[in-house]
Number of protein chains: 2
Amino acid sequence: MRPKNIEKEEAIRKLALQLIAEDGLENLTMQKLAKAANISPRTIYIKYENKEDLLIKLFVDEVIGAFEKAVLENFSATMDFAVGIHCIWQNCFTYFKNNRHAFALMQYGKSSPLLNKAYKERNITEGQFFTPVHQFAERHAAAGTIKNFPIQIFRALVFAPLLDLINEYFEHTDRPVQVITDELFQSSCDAVIAGILQNKH
Amino acid sequence: MRPKNIEKEEAIRKLALQLIAEDGLENLTMQKLAKAANISPRTIYIKYENKEDLLIKLFVDEVIGAFEKAVLENFSATMDFAVGIHCIWQNCFTYFKNNRHAFALMQYGKSSPLLNKAYKERNITEGQFFTPVHQFAERHAAAGTIKNFPIQIFRALVFAPLLDLINEYFEHTDRPVQVITDELFQSSCDAVIAGILQNKH
DNA sequence: AAAATAAGTAAACATTTATTTACTAATAAA
DNA sequence: TTTATTAGTAAATAAATGTTTACTTATTTT
């Protein structure tokens with residue numbers, strides 16, 4: 001039996017992310033992808049059931065899965081609050097700096113109903129993404145270190161500005177200088193932390 | 001000369017937003033749109049040059065333009081910082097509550113290269129969106145009320161969590177109870193304000 | 001070395017797509 | 001009322017789409 005060529009599967013995933021980043025998800029076609037990856041369209045159907053299957057696997061495994069892994073690197077739910085948030089921010093920033101094309105599909109996760117639905121279903125069937133971060137938030141809320149927000153609000157306050165700053169970071173090609181310096185990135189992180197911390201009185 | 005039927009143009013815009021919200025931008029076709037709006041495909045081409053033109057006008061005028069107008073309602077660059085941010089947040093929340101379908105296309109603005117590019121170009125050719133908010137930020141930064149962040153960072157800290165909370169608000173159909181209550185919305189706003197305020201020492 | 005089997009290719013398939021053609025309808029100006 | 005002109009329709013068109021068919025190739029097992 002002829003074995004699957006892993007390089008071809010990697011080429012499909014890599015080029016798919018690149019084409020989506022450059023041209024948009026709405027302009028990705030199976031033929032363009034096959035051509036870019038230097039394979040026959042049929043080969044894609046050996047690895048993936050159909051286009052939706054490809055997009056969902058790409059999004060859930062290649063993008064969110066790898067993103068989660070990178071964010072949780074050296075992170076522990078028992079960390080001090082400020083240290084933990086800085087760890088998450090730095091990991092996230094580093095990951096997307098090294099995986100720029102993944103960021104594009106990540107963004108589609110908030111707009112495309114297909115990806116959105118797939119993400120939710122995956123969270124139900126195989127356990128929540130970012131569980132240690134949730135435990136971290138719950139622990140600090142219980143200890144009174146931070147305001148006792150529901151996890152969705154915690155996520156909005158911590159992750160939304162972070163991803164927006166990374167998006168700004170990538171836009172820097174249009175501008176004479178990079179706005180998002182390391183120093184400003186750290187100050188932004190501190191601002192988010194300061195807002196969530198519980199004021200002792 | 002037969003005059004244009006404004007109702008038909010409105011139907012096109014309204015149903016386009018609805019179809020995008022329900023099925024995704026990547027699944028919107030001119031024929032589906034024509035059918036949904038109960039008109040001939042040709043009629044769309046009387047009002048818009050082509051599909052890209054329709055999407056760009058829909059995004060820039062119908063979504064961002066109307067959004068800006070709603071956000072600036074009763075807002076002034078001379079407002080007290082906390083009052084101004086609360087005003088923006090409340091206006092934004094109210095607008096999207098009443099224009100749910102616009103929110104879907106808004107989200108695509110961050111992922112789709114076509115819309116992204118159109119937004120930037122429009123900002124250059126016809127003046128920046130949200131100028132009063134920028135003036136507001138600059139004024140408070142100069143006065144030392146808030147940290148002296150570049151406007152991009154200010155935007156990330158103030159708007160990103162806001163839009164993420166609104167997104168959470170819309171997800172409530174899947175859940176037994178609405179997480180984003182008015183009270184939590186106000187507290188989130190306060191947390192964002194607290195983070196950006198300059199600590200006097 | 002031969003057989004078995006799945007991977008892979010090139011080309012084709014039936015649909016669907018954005019857009020246009022050929023026509024009809026409505027209205028303002030003459 | 002007639003004419004000119006644009007709005008609008010139904011149907012067609014050419015190109016592009018996701019997917020499959022018919023075939024070839026590479027590799028493992030016997």
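First the proteins, then the strands, lettered A, B, ... as listed; each starts at 1. For the numbers below, each heavy atom of this structure counts, side chains included, while hydrogens, waters and symmetry mates do not. What you see is a predicted model; the values in this text were computed from it and never measured.
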Within-4.5 Å side-chain heavy-atom neighbours: B/L165 and B/W89: yes
d(CG, A/D53; C1', D/dG18) in whole Å: 14 Å
Pairs meeting criterion side chain to side chain donor-acceptor pair (under 3.5 Å) with involvement of residues 127-143 of chain B, two or more places apart: B/H140-B/T145
Spacing between B/E9 atom CD and D/dG8 atom C1', to the nearest angstrom: 14 Å
Any A/K8 side-chain N or O less than 4.0 Å from OP1/OP2 of D/dA26: no
Distance in angstrom units between B/E26 CD and D/dG18 P, rounded: 12 Å
Separation of atom CG in A/L25 from atom P in D/dG18, rounded to whole Å: 11 Å
Nucleic acid footprint by protein, nucleotides 17-22 of chain C - heavy-atom cut-off 4.0 Å, B for base, S for sugar-phosphate alone: BBBBB-
Between D/dG18 (P) and A/L114 (CG): distance, integer Å: 13 Å
4.5 Å side-chain heavy-atom contact, B/L19 and B/H101: no
Neighbour count >12 (heavy atoms, 6.0 Å) for atom NZ, B/K97: yes
Results of side chain to side chain contact (heavy atoms under 4.5 Å, CB included) for A/C92 - residues two or more places apart only: A/F67, A/V71, A/F96, A/L162, A/L163, A/I166
A/K35 NZ to C/dA10 C1', straight-line distance once rounded to whole Å: 13 Å
Atom pair distance, as rounded to whole Å: CG in A/L55 and P in D/dG18: 10 Å
More than 12 heavy atoms from other groups under 6.0 Å of CD on A/E52: no
B/K47 NZ - D/dT9 C1' separation (whole Å): 13 Å
